[in-house]
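Each remark here refers to the structure printed beneath this line.
Atoms considered below: every heavy atom in the structure, side chains included; atoms not considered: hydrogens, waters and symmetry mates. Lettering of chains follows the sequences in order, A, B, ..., and the numbering in each one begins at 1. It should be emphasised that the depicted structure is a prediction, and the values quoted were computed from it without experimental measurement.
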Amino acid sequence: MGMNDFKRSLWVFHVNTGSCNGCDIEIVASLTPRYDIERFGMKLVGTPRHADVLLVTGPVARGMDKKLRRVFEQTPDPKVVMAIGNCGISGDVFYESYNLVGPIDKVVPVDVFVHGCPPRPEAIIDGVVKAWAKLEEKGAEGKKGLRKPVAGKAAEKSGGTKSAKEVHGKSKAGGKAE
Amino acid sequence: MKPDAVLKDLQKKLGANILEARIAEHAEGGKKKHVAKSIWVKVGKSAFKDAVAELCKMHPNIYFAVISGCQEGDIVELNYHFSFNYAEPGEEFFVTLKVALPKSGLSLPTITNLVPGALISERETQEMFGVRIEGIPDPRRIFLDDGFPQGVFPWRRDETGPQKLVKKINEADE
Amino acid sequence: MKGQWCFMAEKETMRHGKQRLDTGAGRGDEETMQHAKGGTSFTISIGPVHPALKEPIQLDFEIEGEKVKNADLRLSQAHRGIEWIGTNRNPIQILYLAERICGICNVCHTLSFCRAVESIANIEVPPRAQYIRTVTAELERIHSHMLWAGVAAHELGFDSVMHYTWRAREKVLDTIEILTGNRVTKGMPTIGGVRRDFPEKHHKRILETVGFYKSIFGKLQDMLLHDPVIEARTRGIGVLKKEEALALCAVGPTARASGVKRDVRQDEPYAAYCDLGVRAITPKEVLGEVHGDVFDRIAVRLAEVAQSADIIEHCVRNIPEGKIVFEEKPIKVLAQLRGAQGEGIGRLEAPRGEVFHYVKMTGQEAPYAWKVKAPTYSNLLSILPMMREAQIADIPIIAASIDP
Amino acid sequence: MIGNIAALAIVPVAGVAGIIFGLLFKGLDRVLGARMQARVGPPLLQPFIDVKKLLMKENIVPQNAVAWLFNAAPVAALCASIALLLYIPLFGSGALLEGSGDMVLVVYLLLLPSLAMVAGGFASGSHYATVGAQREMVAMLSYEFPLAIAVVSAAWLLASKAIAVQAFSLAALSAFPLWSLVGTLGFVGLAVLLAVLLFVMPGELGKAPFDVAEAETEIAGGVLAEYSGVNLALFYLADAVKSFAMAAIIVAIFLPWNATAMLSISDMWAGAAAGALFFLAKVFAVMFAGNTFMRIALARLRITQVVRVYWGYASAAALAGLLLIAAELVLVV
Amino acid sequence: MFGMAKELLRQLFKKPFTNLFPAKRAPGSVKDFLKAVGEGKKKLNPPVPVPEGYRGKIRYYRDKCIGCGLCTRVCPAEAVVLIPEEKKIRYHMSRCCFCAQCVEVCPVKALETTQEFLLADYKKS
Ligand code: SF4
Ligand code: SF4
Ligand code: SF4
Ligand code: SF4
Ligand code: SF4
Ligand code: SF4
Ligand code: SF4
Ligand code: SF4
């Protein structure tokens, strides 16, 4: 059991932080028959709890940073974060605004940047390949490195030091079945 | 109703409260051209609601598009864009009601009782220009996050504008 | 809290969401389920981080059992301050900014902005450019409606249809890529014309694409309109009455599916539509009667795919010769626009309804004011009456049915 | 027959076999589904990789979950699914615990994994999961009825035709191919019952069009929304094993023919192998018809529609099948 | 309804529509795979071809550039920045929105679109 299985079974959760939808539709396109990333064992899941990969799009509008950080923390380790599209990477045409707190890598650590506006589905697949290569390296470094694929610096800086469980528990407090 | 009839009617009902009025034309098209007309009317603040009511009387189910606007000096100018004769081939035209609000009296009555579809736009105007919409059924913010600082109005160009929040997010990389 | 759906009956007291001010304010960072408020009812939020909404808007629902009792909208998640950004850039730069208001109907926003500027500066667009604009916009409509059909099917848990429509959609994307240089962001219209010509050799390709959609149209109808489960899931669901559509100023297929025969291409023709005599499609033409439910919205959109195919075919066959832009050098365009003063409206029919741009120029390079109204802006309020009596299972498809 | 104590030693074997074949069929299901959608689809062994991956992931227990129940539910689900296997004739031979349980027990065991899921859903303290759990319960109540009718009618038919055997024993059911016991009328009745069972199958397994409890677009994964890591893997396995068991039950009741007997192979090992292969082929056919194809070709139903379909149409069909069999029994006997 | 079922069953026996870029399955090791491709032992399935005129990554010919700054005036994303003292520009791929407006405006063709679009990376560039 190791990186190789993890790599071949990446479950994906998609977070839109205020993108124009261009990248988002290309992400969905990469699931559909022409590109079909399920052949790599990837599939889209409905909750971050099941996810291994976060695909993040958009320049992070105000208010979405908290949410993005929470999704990041809800995702069990090990995990990979991919920033899709230039607006999430460095603002693109939205580079100067009063309501953006991005780019994405300021909010959560990003492993792979997929450039493009929007990137073609193949470019997203190319990003996945890059992620695999990175995971292989991490795998060679031993299991420890893989729990947090990228040094959690950005997350700590912005998200405090709470553990995933605490953050989640707090936000759901009182949510028990009545 | 034709644009000139609408304008004439409006002028008759509101009299001196109409400060300015014009009909603009712009022709566009492929081989044939369509001349798109639009009415631009500037009304006094006090007569604003009456003007909307008159328009609604002239056209049941009038279509309201959006409120646009800008701030120039001590004035916040709002434009209410309505359309007439939609759903009639080739006959549609826009009526824009302009109203100038002095900074000392930034308020306007709601029109949601006449045009329910204006709610989103009124909420937007409140948060973006700091214009108080009196009697608005739902005064909460709509496009701005709750965490957005109070007292900052993104579409204003004065000291209450968003300047201090502006951030260049592309500089982080190099 | 009792139902606050009915805008018609309670015009004066339209209280939608008002009482919720207290609860609404304090929970900015909650995106999943909220605290129960006692009893069996609790609040659940859909979006912005939820699988069923790609658009980062948030819908809050009060749920009792499986039934929706109350709904509320929150839109703050997508605001990038585009209009403000626009007032700091020159019109050529704004073209690409407008394009990125939305990646799905991006030509519409650019074109709308161009038309507003053209009307201010009194720029005449050559007829050939108008035809090219029309073809691009209609190709975009096909792509958008196919995409939507797939998303809607996906929300219904019917992934096979999604895979089918998205596969079919690749065809139009390829054509768009050949014509414009990108699958999604087309970058086609520019002020006073378009940026790329259709050389003769591409005509065949476009016609072939159009033929393809015509040939699969029957199959699409079979899948979406004659499927018993889809019918069971969408008939009578998310009804928007005609009066409500009018009162809430709904636009596009949302309004048309409720029987409002409006379509900017018909009511205030622009570009090549002046030569075409396009007519709005309502369920009456397609199915014979109007229910205003989700099923009708599917039917209207499907019929529009066929309509677009016809328009494209006509345009390609009748495209006039001539220039494609009034002035080829962008720098000269900018110089000319610096002199322009006044305000203008640019509007057109996007796949989802009317796009509206208001531009005010005061002789500076950047517009003094710019206001964008996307179709969803007009249609959002309509979601609330649609959700009346909905069940949890209907929420995604109803939200998707206005194609946010 | 094996003694009860020896049977205990068999449990892990059955468990492993169930898991392996369950996952294999899951892989097949995904590949074929993808093919029908014009895609390449995942590798056949993808479910194994998925499980291995889930096992190495972090296992998060939400703070306001009832931890012990939250953790116990997946174990219970898997155990129940494996227990189920012990009572079902597999691979062309008898059930491992033959004689010590009957059809009624099997139907109860079939319920257990779902119940465990409901418990897990309620225990996870998320409202999505709560809605999912409520839905699961409602769905359970509704498909149980047609399922029971179908099973009871089969047993009744057997009892009235072959009085010597224990009618509710699965061994007996699989020893007497029902189809050969009836005439035309009963044949039609049986066919209807088979169709009903195939129809109940996706409901029982929580697959589209009856996947209301896990609806991704509606309630974000539903009952399983809060599960991750090992716990999720256990549910995943339970689901695979249960699918396999469910198909095996249908095979045992309706398609019990044995290849060894039919081909009259005398060699013991060859016979066993042929029997096993034939059994797998039958399970595959049932899986494809009752699970894969339906999942791919139909949209998800609303929970109220699920109830209506099962209580209404499926139950009516099951009763019709029962009546047809009854008619035959009355007319012919 | 049966139309759909028929379509699905038919598809079961047809070749999938998928374009197998870059390989049909996830390779055991990307490094080894790429090495094998480099040595010609394995073949990389090409992506769906991009058409002529595709707006990919921008290429900048530094020696051709005369530093007129026109591209920086039309660039919507501040992806080309003038370095006044050198009379040259700097192109940031990670900011670019690939609109090719700069290519259109450049008087000496110092900028050009390429067909390159596989631009994923571990860092911004
Ligand atoms: S990168 Fe471009 S296409 Fe993608 S979301 Fe951002 S602006 Fe849209
Ligand atoms: S269910 Fe649809 S909307 Fe949701 S994640 Fe999947 S593709 Fe996106
Ligand atoms: S288009 Fe709407 S959501 Fe987007 S930036 Fe402008 S106001 Fe905000
Ligand atoms: S209607 Fe939706 S898809 Fe179209 S431009 Fe607006 S946000 Fe984008
Ligand atoms: S901000 Fe940069 S790119 Fe934009 S006009 Fe100024 S110098 Fe040019
Ligand atoms: S392609 Fe567009 S965004 Fe990129 S550098 Fe050129 S003008 Fe700027
Ligand atoms: S427009 Fe061309 S010549 Fe002028 S600065 Fe840009 S790259 Fe150099
Ligand atoms: S400014 Fe001069 S070099 Fe630039 S486009 Fe105009 S004519 Fe050409």
For the candidates A/Gly22, A/Cys87, A/Pro33, which exhibits the highest count of non-hydrogen atom pairs separated by less than 4.5 Å from chain C?
A/Pro33
So what's closer than 4.5 Å to chain A heavy atoms on C/Asn88: side chain, backbone, both or neither?
neither
Please give me the minimum heavy-atom distance between A/Glu73 and A/Lys79, naming the atom from each residue.
CA-NZ, 4.3 Å
Indicate the atoms forming the closest heavy-atom contact of C/Cys108 with C/Glu140, along with that distance.
SG-OE1, 3.1 Å
About how many Å separate CZ of C/Arg301 and CD1 of C/Ile142, when rounded to the nearest 0.5 Å?
15.0 Å
With a 4.5 angstrom heavy-atom cut-off, which part of C/Arg183 approaches chain A: side chain, backbone, both or neither?
side chain
Can you tell me which of C/Arg167, C/Glu99, C/Arg89, C/Glu177 forms the most heavy-atom pairs within a distance under 4.5 Å of chain A?
C/Arg89
Heavy-atom distances under 4.5 Å only: say whether A/Pro118 touches chain C with side chain, backbone, both or neither.
both
Would you sort out whether A/Ser30 and A/Met42 count as a side chain to side chain contact (heavy atoms under 4.5 Å, CB included), showing the intermediate values?
CA-CA 10 Å; A/Ser30 64; A/Met42 303 180 76; over 6 Å; no
Rounded distance (nearest 0.5 Å) linking atom CE of A/Met64 with atom OG1 of A/Thr17:
6.0 Å
Using a cut-off of under 4.5 Å for heavy-atom pairs, which of C/Asp174, C/Leu173, C/Asn182 has the most such pairs with chain A?
C/Asp174
Determine the interplanar angle of the C/Trp370 and C/His357 rings, folded into 0 to 90°, and report it as parallel if under 30°, tilted if 30 to 60°, perpendicular if over 60°.
tilted
Counting only heavy atoms closer than 4.5 Å, note whether A/Asp36 contacts chain C via side chain, backbone, both or neither.
neither
Engaged part of A/Cys23 at the chain C interface, taking heavy atoms whose separation is under 4.5 Å:
neither
